[in-house]
Amino acid sequence: EDKVVQSPLSLVVHEGDTVTLNCSYEVTNFRSLLWYKQEKKAPTFLFMLTSSGIEKKSGRLSSILDKKELFSILNITATQTGDSAIYLCALTGSARQLTFGSGTQLTVLP
Amino acid sequence: EPEVTQTPSHQVTQMGQEVILRCVPISNHLYFYWYRQILGQKVEFLVSFYNNEISEKSEIFDDQFSVERPDGSNFTLKIRSTKLEDSAMYFCASSYPTGSSYEQYFGPGTRLTVT
(Lines give C-alpha, C1' and ligand atoms only; values in the text may rest on other atoms or scores of the structure.)
Protein backbone atom coordinates (compact mmCIF):
# COMPACT_ATOMS: atom_id res chain seq x y z
CA GLU A 1 0.00 0.00 0.00
CA ASP A 2 1.33 3.42 -0.95
CA LYS A 3 2.08 5.67 2.00
CA VAL A 4 2.88 9.37 2.47
CA VAL A 5 4.19 10.83 5.73
CA GLN A 6 4.57 14.57 6.21
CA SER A 7 6.45 16.43 8.88
CA PRO A 8 6.12 18.51 10.87
CA LEU A 9 2.37 18.28 11.43
CA SER A 10 2.29 21.97 12.26
CA LEU A 11 4.66 24.88 12.17
CA VAL A 12 4.39 28.46 13.40
CA VAL A 13 6.82 31.04 12.03
CA HIS A 14 7.06 34.80 11.66
CA GLU A 15 6.90 36.73 8.42
CA GLY A 16 10.22 36.68 6.64
CA ASP A 17 11.28 33.28 7.95
CA THR A 18 12.21 30.41 5.64
CA VAL A 19 10.47 27.08 6.15
CA THR A 20 11.14 23.56 4.95
CA LEU A 21 8.32 21.04 4.82
CA ASN A 22 9.10 17.36 4.53
CA CYS A 23 7.40 14.49 2.75
CA SER A 24 8.57 10.89 2.81
CA TYR A 25 6.87 8.09 0.97
CA GLU A 26 6.60 4.42 0.21
CA VAL A 27 5.32 3.36 -3.16
CA THR A 28 5.33 0.27 -5.33
CA ASN A 29 5.75 1.93 -8.71
CA PHE A 30 6.53 5.64 -8.47
CA ARG A 31 4.90 7.87 -11.05
CA SER A 32 4.92 11.37 -9.56
CA LEU A 33 4.86 13.37 -6.33
CA LEU A 34 2.68 16.45 -6.07
CA TRP A 35 2.47 19.34 -3.64
CA TYR A 36 -0.78 21.18 -2.99
CA LYS A 37 -1.75 24.18 -0.86
CA GLN A 38 -5.08 23.93 0.96
CA GLU A 39 -6.39 27.16 2.41
CA LYS A 40 -10.09 27.03 3.09
CA LYS A 41 -11.38 24.41 0.75
CA ALA A 42 -9.90 22.87 -2.38
CA PRO A 43 -6.26 21.80 -2.67
CA THR A 44 -4.52 24.13 -5.10
CA PHE A 45 -1.82 22.58 -7.26
CA LEU A 46 1.74 23.80 -6.62
CA PHE A 47 4.25 21.38 -8.11
CA MET A 48 4.57 17.97 -9.71
CA LEU A 49 7.90 16.18 -9.41
CA THR A 50 8.92 13.14 -11.37
CA SER A 51 12.72 13.22 -11.50
CA SER A 52 15.29 13.26 -8.72
CA GLY A 53 17.43 16.31 -8.12
CA ILE A 54 15.60 18.72 -10.41
CA GLU A 55 14.31 21.69 -8.45
CA LYS A 56 10.93 23.11 -9.34
CA LYS A 57 10.54 26.77 -8.49
CA SER A 58 7.68 29.23 -8.44
CA GLY A 59 8.39 32.60 -6.86
CA ARG A 60 9.30 32.03 -3.23
CA LEU A 61 8.34 28.36 -3.33
CA SER A 62 10.59 25.56 -4.48
CA SER A 63 10.57 21.80 -4.25
CA ILE A 64 12.90 18.93 -4.93
CA LEU A 65 12.59 15.16 -5.01
CA ASP A 66 15.01 12.45 -3.93
CA LYS A 67 13.86 9.14 -5.40
CA LYS A 68 16.71 7.21 -3.83
CA GLU A 69 15.91 8.29 -0.28
CA LEU A 70 12.16 8.50 -1.03
CA PHE A 71 11.46 12.03 0.11
CA SER A 72 10.66 15.49 -1.10
CA ILE A 73 10.92 18.91 0.48
CA LEU A 74 8.98 22.08 -0.08
CA ASN A 75 10.79 25.31 0.74
CA ILE A 76 9.16 28.66 1.24
CA THR A 77 11.44 31.66 1.59
CA ALA A 78 10.55 35.09 3.00
CA THR A 79 7.22 33.77 4.27
CA GLN A 80 4.15 36.00 4.27
CA THR A 81 0.89 35.75 6.22
CA GLY A 82 -0.77 34.67 2.97
CA ASP A 83 1.35 31.52 3.00
CA SER A 84 -0.63 30.30 6.01
CA ALA A 85 -2.33 27.10 4.89
CA ILE A 86 -2.14 23.34 5.01
CA TYR A 87 0.47 22.00 2.60
CA LEU A 88 -0.34 18.58 1.24
CA CYS A 89 2.02 16.09 -0.33
CA ALA A 90 0.50 13.44 -2.58
CA LEU A 91 1.76 10.53 -4.60
CA THR A 92 0.75 8.66 -7.72
CA GLY A 93 1.98 5.10 -8.02
CA SER A 94 0.75 2.26 -10.18
CA ALA A 95 -2.71 3.76 -10.17
CA ARG A 96 -3.46 7.34 -11.18
CA GLN A 97 -5.25 8.33 -8.01
CA LEU A 98 -3.51 10.50 -5.46
CA THR A 99 -2.50 9.17 -2.06
CA PHE A 100 -2.29 12.12 0.31
CA GLY A 101 -0.34 12.72 3.46
CA SER A 102 -1.89 14.32 6.52
CA GLY A 103 -0.49 17.69 5.62
CA THR A 104 1.58 20.32 7.41
CA GLN A 105 -0.37 23.20 8.93
CA LEU A 106 1.76 26.32 8.42
CA THR A 107 0.91 29.48 10.34
CA VAL A 108 2.80 32.65 9.50
CA LEU A 109 2.49 35.37 12.11
CA PRO A 110 2.89 39.05 11.23
CA GLU B 1 -7.95 30.29 -16.37
CA PRO B 2 -10.08 27.15 -16.67
CA GLU B 3 -11.17 25.59 -13.42
CA VAL B 4 -13.18 22.72 -12.01
CA THR B 5 -16.55 23.79 -10.64
CA GLN B 6 -18.83 21.96 -8.21
CA THR B 7 -22.41 22.36 -7.07
CA PRO B 8 -23.85 22.72 -4.56
CA SER B 9 -21.27 24.19 -2.22
CA HIS B 10 -23.14 22.81 0.77
CA GLN B 11 -25.75 20.05 0.94
CA VAL B 12 -27.66 19.04 4.03
CA THR B 13 -29.61 15.80 3.86
CA GLN B 14 -31.26 13.32 6.16
CA MET B 15 -29.90 9.84 6.72
CA GLY B 16 -31.19 7.42 4.13
CA GLN B 17 -31.79 10.04 1.47
CA GLU B 18 -30.13 10.04 -1.93
CA VAL B 19 -27.81 12.88 -2.90
CA ILE B 20 -26.21 13.83 -6.19
CA LEU B 21 -23.09 15.96 -6.19
CA ARG B 22 -22.23 17.70 -9.44
CA CYS B 23 -18.95 18.66 -11.03
CA VAL B 24 -17.92 20.29 -14.27
CA PRO B 25 -14.31 19.27 -15.00
CA ILE B 26 -11.89 21.34 -17.06
CA SER B 27 -13.10 21.00 -20.63
CA ASN B 28 -10.15 19.26 -22.33
CA HIS B 29 -9.40 16.95 -19.44
CA LEU B 30 -9.87 13.23 -19.86
CA TYR B 31 -9.62 11.76 -16.36
CA PHE B 32 -12.06 12.59 -13.60
CA TYR B 33 -11.91 11.81 -9.90
CA TRP B 34 -13.84 12.06 -6.69
CA TYR B 35 -12.13 12.44 -3.33
CA ARG B 36 -13.51 13.07 0.10
CA GLN B 37 -12.13 14.66 3.25
CA ILE B 38 -13.77 13.97 6.56
CA LEU B 39 -13.22 16.88 8.93
CA GLY B 40 -9.71 16.77 10.37
CA GLN B 41 -8.68 13.76 8.30
CA LYS B 42 -6.70 13.10 5.13
CA VAL B 43 -8.04 13.58 1.64
CA GLU B 44 -9.09 10.10 0.46
CA PHE B 45 -9.54 8.78 -3.04
CA LEU B 46 -12.96 7.44 -3.97
CA VAL B 47 -13.06 6.77 -7.71
CA SER B 48 -11.53 7.64 -11.04
CA PHE B 49 -13.32 7.73 -14.38
CA TYR B 50 -11.98 7.58 -17.90
CA ASN B 51 -13.52 6.92 -21.28
CA ASN B 52 -17.00 6.72 -19.77
CA GLU B 53 -16.20 4.05 -17.25
CA ILE B 54 -14.74 3.63 -13.79
CA SER B 55 -11.00 2.99 -14.05
CA GLU B 56 -10.19 2.62 -10.35
CA LYS B 57 -12.09 2.75 -7.08
CA SER B 58 -11.23 2.53 -3.42
CA GLU B 59 -12.73 0.36 -0.70
CA ILE B 60 -14.80 3.35 0.36
CA PHE B 61 -16.60 3.37 -2.97
CA ASP B 62 -19.12 0.62 -2.24
CA ASP B 63 -22.49 -0.17 -3.82
CA GLN B 64 -24.02 2.95 -2.27
CA PHE B 65 -21.90 5.12 -4.56
CA SER B 66 -22.12 5.59 -8.30
CA VAL B 67 -20.67 8.01 -10.83
CA GLU B 68 -21.89 9.19 -14.17
CA ARG B 69 -20.95 11.54 -16.96
CA PRO B 70 -24.42 12.13 -18.32
CA ASP B 71 -23.83 14.76 -20.98
CA GLY B 72 -20.15 15.18 -21.86
CA SER B 73 -19.58 18.06 -19.47
CA ASN B 74 -21.02 17.15 -16.06
CA PHE B 75 -19.56 14.46 -13.81
CA THR B 76 -21.76 13.36 -10.92
CA LEU B 77 -21.37 11.38 -7.73
CA LYS B 78 -24.51 9.77 -6.35
CA ILE B 79 -24.86 8.39 -2.86
CA ARG B 80 -27.97 6.21 -2.79
CA SER B 81 -28.77 6.04 0.90
CA THR B 82 -26.68 8.43 2.94
CA LYS B 83 -25.25 7.53 6.32
CA LEU B 84 -24.02 9.82 9.08
CA GLU B 85 -20.44 8.81 8.29
CA ASP B 86 -20.81 10.12 4.72
CA SER B 87 -20.62 13.65 6.13
CA ALA B 88 -17.49 15.10 4.56
CA MET B 89 -16.15 17.52 1.99
CA TYR B 90 -16.33 15.93 -1.45
CA PHE B 91 -13.83 17.14 -4.05
CA CYS B 92 -13.99 16.57 -7.75
CA ALA B 93 -10.72 16.66 -9.71
CA SER B 94 -9.71 16.33 -13.32
CA SER B 95 -6.51 15.79 -15.22
CA TYR B 96 -5.15 15.73 -18.74
CA PRO B 97 -2.47 13.10 -19.06
CA THR B 98 0.93 14.47 -20.03
CA GLY B 99 3.48 11.73 -20.51
CA SER B 100 3.19 9.27 -17.66
CA SER B 101 2.19 11.75 -14.98
CA TYR B 102 -1.06 13.46 -14.27
CA GLU B 103 -1.48 16.82 -12.59
CA GLN B 104 -4.88 16.84 -10.96
CA TYR B 105 -6.85 20.05 -10.50
CA PHE B 106 -9.45 20.21 -7.77
CA GLY B 107 -12.82 21.89 -7.57
CA PRO B 108 -13.90 23.95 -4.53
CA GLY B 109 -15.73 21.01 -2.99
CA THR B 110 -19.23 20.22 -1.75
CA ARG B 111 -19.69 20.02 1.98
CA LEU B 112 -22.16 17.20 2.65
CA THR B 113 -23.83 17.12 6.03
CA VAL B 114 -25.94 14.08 6.85
CA THR B 115 -28.26 14.50 9.83
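The shown structure was predicted, so the numbers you read here are calculated from the model rather than taken from an experiment. Throughout, a chain's letter reflects where its sequence line sits, starting with A, and its residues are numbered from 1. These numbers come from the heavy atoms of this one structure, side chains and all, not from hydrogens, waters or symmetry mates.
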Legend entry - Hydrophobic cluster identity match, L46(B) and L91(A), side-chain contacts under 4.5 Å: no
Inset, instruction - Could you tell me which residues in residues 73-94 of chain B have at least one non-hydrogen atom under 4.5 Å from a non-hydrogen atom of chain A, sorted by residue number? - result: M89(B), F91(B)
Legend entry - Heavy-atom contact with chain B under 4.5 Å, split by part of F47(A): neither
Legend entry - Neighbour count >12 (heavy atoms, 6.0 Å) for atom CG, D71(B): yes
Inset, instruction - Is it possible for you to say whether L70(A) and L74(A) belong to one hydrophobic cluster, with membership spreading through side-chain heavy-atom contacts below 4.5 Å? - result: yes
Inset, instruction - Tell me whether V13(A) is reachable from I76(A) by hopping between hydrophobic residues (I, L, V, M, F, W, Y) whose side-chain heavy atoms are closer than 4.5 Å. - result: yes
Legend entry - Residues in residues 25-32 of chain B that sit under 4.5 Å from chain A, counting heavy atoms only: Y31(B)
Inset, instruction - Heavy atoms only: give me the nearest K42(B)-G101(A) pair and the separation to one decimal. - result: CG-O, 3.8 Å
Inset, instruction - Side chain from CB out, backbone as N, CA, C, O: work out which of these in Y35(B) comes under 4.5 Å of a heavy atom of chain A, or both, or neither. - result: side chain
Legend entry - Co-membership, hydrophobic cluster, residues F45(A) and Y96(B), 4.5 Å side-chain: yes
Inset, instruction - Could you check if a side-chain atom of Y33(B) sits within less than 4.5 angstrom of a side-chain atom of R96(A), using non-hydrogen atoms only? - result: yes
Inset, instruction - Indicate yes or no: at least one non-hydrogen side-chain atom of F45(B) is less than 4.5 angstrom from one of F100(A). - result: no
Legend entry - Part of residues 51-63 of chain A lying next to chain B, heavy-atom separation under 4.5 Å: none
Legend entry - Interchain contact, E56(B) with chain A, by part (heavy-atom threshold 4.5 Å): side chain
Legend entry - Hphob cluster co-occupancy, I73(A) + Y25(A), side-chain heavy atoms under 4.5 angstrom: no
Legend entry - Part of I86(A) within contact of chain B (heavy atom distance under 4.5 Å): neither
Legend entry - Inter-chain contacts: residues 106-115 of chain B against chain A, heavy atoms under 4.5 Å: F106(B), G107(B), P108(B)
Legend entry - Polar side chain donor-acceptor pair, Q97(A) to Q104(B), under 3.5 angstrom: no
Inset, instruction - Measure Q41(B) against the heavy atoms of chain A and call it side chain, backbone, both or neither at under 4.5 Å. - result: neither
Legend entry - Between L34(A), L98(A), T99(A), the one whose heavy-atom pairs under 4.5 Å with chain B are most numerous: L98(A)
